[in-house]
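Questions regarding the structure given below will be posed in turn.
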Amino acid sequence: MFSARRLAALACPLLLLSAAACTPSTSHHDAKAPSASASPPDSKSGTLRLVDAIGRLKVAREDRAGYERDKFRLWTDADHDGCDTRKEVLLAEAVKKPRQGKGCKLSAGTWRSYYDDKTATDARKLDIDHVVPLAEAWDSGAAKWTPERREQYANDLGTERSLVAVSLGPNRTKGDKDPAEWMPPAKDATCTYATDWIAAKLRWKLTADRAEVKALRGFAAGCRAATVTFTPAP
């Protein structure tokens with residue numbers, strides 16, 4: 001069984017869609033203007049204006065008590081195809097498809113890291129970032145989840161918004177910070193990152209603290225055409 005991300009990547013050549021629709025930098029990474037088909041503000045999922053999506057976030061204090069990274073099981077192979085979550089994201093986000101060897105070893109691909117607008121040709125120079133970091137997720141509601149639910153979050157391939165392939169440098173600088181403390185260094189990444197962050201929080205029903213919401217509202221002022229598309233996690 002293929003993940004939603006892998007199916008989306010495979011569908012492009014089969015359906016003869018435009019190159020823009022198949023390229024990570026122009027599909028889930030570019031903010032789009034609201035359309036007539038956008039869901040109304042009271043819907044549970046769909047597409048919302050960025051400012052309306054921020055209004056959907058439940059504001060609550062954060063608590064990191066008890067957090068350990070090992071409480072989120074990482075990089076599983078849910079469909080048993082030999083490629084773990086990390087490899088699935090790399091395959092889905094490749095601008096140039098890599099060669100896939102034994103044990104899902106990837107080589108000769110090309111990727112674009114939208115955090116710093118840099119291109120990589122070596123998968124080892126990329127991190128798979130949880131847009132909303134594991135510690136932030138714990139603070140915002142995941143502390144109350146079952147281990148199975150945290151594993152689902154850590155390996156979320158059901159949407160393009162939760163996991164992204166990015167350069168090592170900015171991801172390590174980001175760490176566990178939220179948008180009040182860190183934003184991607186690329187000038188054109190602000191609106192994309194804000195929408196990705198909010199989409200992940202809404203998908204997993206995670207809360208946001210006051211400083212986080214204030215920062216997001218500040219960014220939204222400069223992202224008037226941006227929309228947030230999300231589907232609640234199963």
Side-chain angles (χ1 to χ4, degrees), residues 1-8 28 39 42-48 50 52-81 83-90 92-93 127-166 171-172 174-182 193-216 228-234:
M1 180 183 297
F2 288 115
S3 69
R5 295 183 69 120
R6 181 76 78 88
L7 286 172
H28 72 291
S39 301
D42 60 347
S43 65
K44 294 184 178 180
S45 65
T47 300
L48 302 167
L50 179 56
D52 292 332
I54 295 171
R56 288 279 198 91
L57 294 170
K58 181 180 178 181
V59 179
R61 295 181 63 183
E62 295 182 352
D63 184 2
R64 194 158 296 186
Y67 169 72
E68 294 177 8
R69 186 176 177 83
D70 289 346
K71 291 183 178 180
F72 293 81
R73 186 185 174 200
L74 291 167
W75 310 156
T76 59
D77 180 10
D79 57 7
H80 307 292
D81 68 348
C83 297
D84 63 17
T85 301
R86 173 182 166 80
K87 300 294 180 58
E88 295 281 11
V89 176
L90 289 169
E93 294 204 351
D127 276 340
I128 303 305
D129 184 38
H130 294 84
V131 172
V132 175
L134 301 181
E136 172 72 21
W138 178 272
D139 298 350
S140 308
K144 298 178 181 179
W145 293 351
T146 63
E148 292 75 19
R149 188 67 169 171
R150 289 195 287 270
E151 179 179 326
Q152 289 177 331
Y153 177 82
N155 299 275
D156 186 11
L157 294 173
T159 178
E160 295 181 336
R161 294 291 184 181
S162 296
L163 299 171
V164 291
V166 297
N171 189 50
R172 306 296 169 83
K174 170 186 172 179
D176 298 330
K177 300 179 180 72
D178 69 23
E181 305 164 306
W182 183 90
Y193 188 73
T195 59
D196 283 358
W197 179 277
I198 297 165
K201 285 234 163 175
L202 292 177
R203 173 171 169 77
W204 289 93
K205 298 181 180 179
L206 297 170
T207 62
D209 64 31
R210 293 187 182 280
E212 178 185 341
V213 171
K214 181 179 179 180
L216 289 168
V228 176
T229 299
F230 72 99
T231 301

TODO: Measure the CD1-CH2 distance between Ile54 and Trp197 for me, rounded to the nearest 0.5 Å.
DONE: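 Taking CD1 in Ile54 and CH2 in Trp197, the distance rounds to 12.5 Å.
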Open item on the list: Tell me if the aromatic rings of Tyr153 and Trp138 count as close, with their centers under 6.0 Å from one another.
Closed with: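 Tyr153 vs Trp138: aromatic centres not under 6.0 Å.
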TODO: Identify the two heavy atoms, one from Ala208 and one from Val213, that lie closest to each other, and give their separation to 0.1 Å.
DONE: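 Taking Ala208 first and Val213 second, the nearest heavy atoms are CB-CG2, 3.7 Å.
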TODO: For residues Arg56 and Val228, determine if any side-chain heavy atom of one lies less than 4.5 Å from a side-chain heavy atom of the other.
DONE: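 SC-SC contact between Arg56 and Val228 ruled out.
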Open item on the list: I want to check something: taking the side chain as every heavy atom from C-beta on, are Val132 and Leu206 in contact at a cut-off of under 4.5 Å?
Closed with: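 Side-chain contact under 4.5 Å: yes.
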- [ ] To the nearest 0.5 Å, tell me how far Leu157 CG sits from Leu163 CG.
- [x]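 The distance works out to 6.5 Å.
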TODO: Compare every heavy atom of Leu57 with every heavy atom of Lys201, then report the nearest pair and how far apart it is.
DONE: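 For Lys201 versus Leu57, the nearest heavy atoms are CB-CD2, 3.8 Å.
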Task: Thr47 side-chain N/O to Thr229 backbone N/O, donor-acceptor pair under 3.5 Å - done: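 No, the answer is negative, given that no donor and acceptor are paired below the 3.5 Å cut-off.
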TODO: Keeping the roles fixed (side chain from Arg64, backbone from Asp139), state whether a donor-acceptor pair exists under 3.5 Å.
DONE: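 No: the side chain of Arg64 does not pair with the backbone of Asp139.
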Open item on the list: Tell me the closest heavy-atom pair linking Ala211 and Ala180, and the distance in Å.
Closed with: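 Nearest heavy atoms, Ala211 then Ala180: O-CB, 3.6 Å.
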Open item on the list: Using side-chain heavy atoms (C-beta onward) and a distance below 4.5 Å, is Asp178 in contact with Asp209?
Closed with: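 Heavy-atom side-chain distance check passes, below 4.5 Å.
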Open item on the list: Between Asp127 and Asp129 (side chain of the first, backbone of the second, donor and acceptor by atom type, cut-off under 3.5 Å), is there such a pair?
Closed with: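 Answer holds: no.
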- [ ] Report yes if some heavy atom in the side chain of Tyr67 is under 4.5 Å from a heavy atom in the side chain of Phe72; otherwise report no.
- [x]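 Side chain of Tyr67 against side chain of Phe72, heavy atoms only: contact under 4.5 Å found.
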Open item on the list: Checking Trp145 against Gln152: is there a side-chain donor and acceptor pair closer than 3.5 Å?
Closed with: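 Side-chain D/A pair, Gln152 to Trp145: absent.
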Open item on the list: How close do Arg203 and Asp156 get, counting heavy atoms only, and between which atoms?
Closed with: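 Reported closest heavy-atom pair: NE-OD2, 2.7 Å.
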TODO: Can you see which heavy atom on Ser140 is nearest to which on Glu136, and at what distance?
DONE: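 Heavy-atom minimum between the residues: OG-O, 2.7 Å.
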Task: Derivation and outcome, side chain to side chain contact (heavy atoms under 4.5 Å, CB included), residues Ile198 and Leu216 - done: CA-CA 9 Å; Ile198 297 165; Leu216 289 168; 4.0 Å; yes
Task: Asp77 with Lys87: basic N within carboxylate O range, under 4.0 Å - done: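 Salt bridge: no.
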Task: Whether Arg161 side chain and Phe230 backbone form a donor-acceptor pair below 3.5 Å - done: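 A pair under 3.5 Å: no.
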Open item on the list: So Val164 and Val89, do their side chains get closer than 4.5 Å, heavy atoms only?
Closed with: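 No; the side chains remain at least 4.5 Å from each other.
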- [ ] Work out which heavy atom in Trp75 is nearest to a heavy atom in His130; give both atom names and the distance.
- [x]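 So the two residues come closest at CH2-CE1, 3.7 Å.
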- [ ] Please check if the side chain of Lys174 supplies one atom and the backbone of Val131 the other of a donor-acceptor pair under 3.5 Å.
- [x]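 Yes, because the side chain of Lys174 sits within donor-acceptor range (under 3.5 Å) of the backbone of Val131.
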Open item on the list: Between Leu134 and Lys71, is there a side-chain heavy-atom distance shorter than 4.5 Å?
Closed with: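 No; the side chains remain at least 4.5 Å from each other.
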Task: Over 12 foreign heavy atoms within 6.0 Å of CZ, Arg73 - done: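 It does not: Arg73 CZ has 12 such atoms or fewer within range.
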- [ ] Please check if atom CZ in Arg210 has more than 12 non-hydrogen atoms from other residues, nucleotides or ligands closer than 6.0 Å.
- [x]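 Not buried by this count: 12 neighbours or fewer within 6.0 Å.
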Open item on the list: Looking at Lys177, I'd like to know if its NZ atom is crowded, meaning that more than 12 non-hydrogen atoms belonging to other residues, nucleotides or ligands lie closer than 6.0 Å.
Closed with: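 Enclosed: over 12 neighbouring heavy atoms sit under 6.0 Å from NZ of Lys177.
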Task: Separation between CD1 of Ile128 and OG of Ser162, rounded to the nearest 0.5 Å - done: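 Taking CD1 in Ile128 and OG in Ser162, the distance rounds to 13.0 Å.
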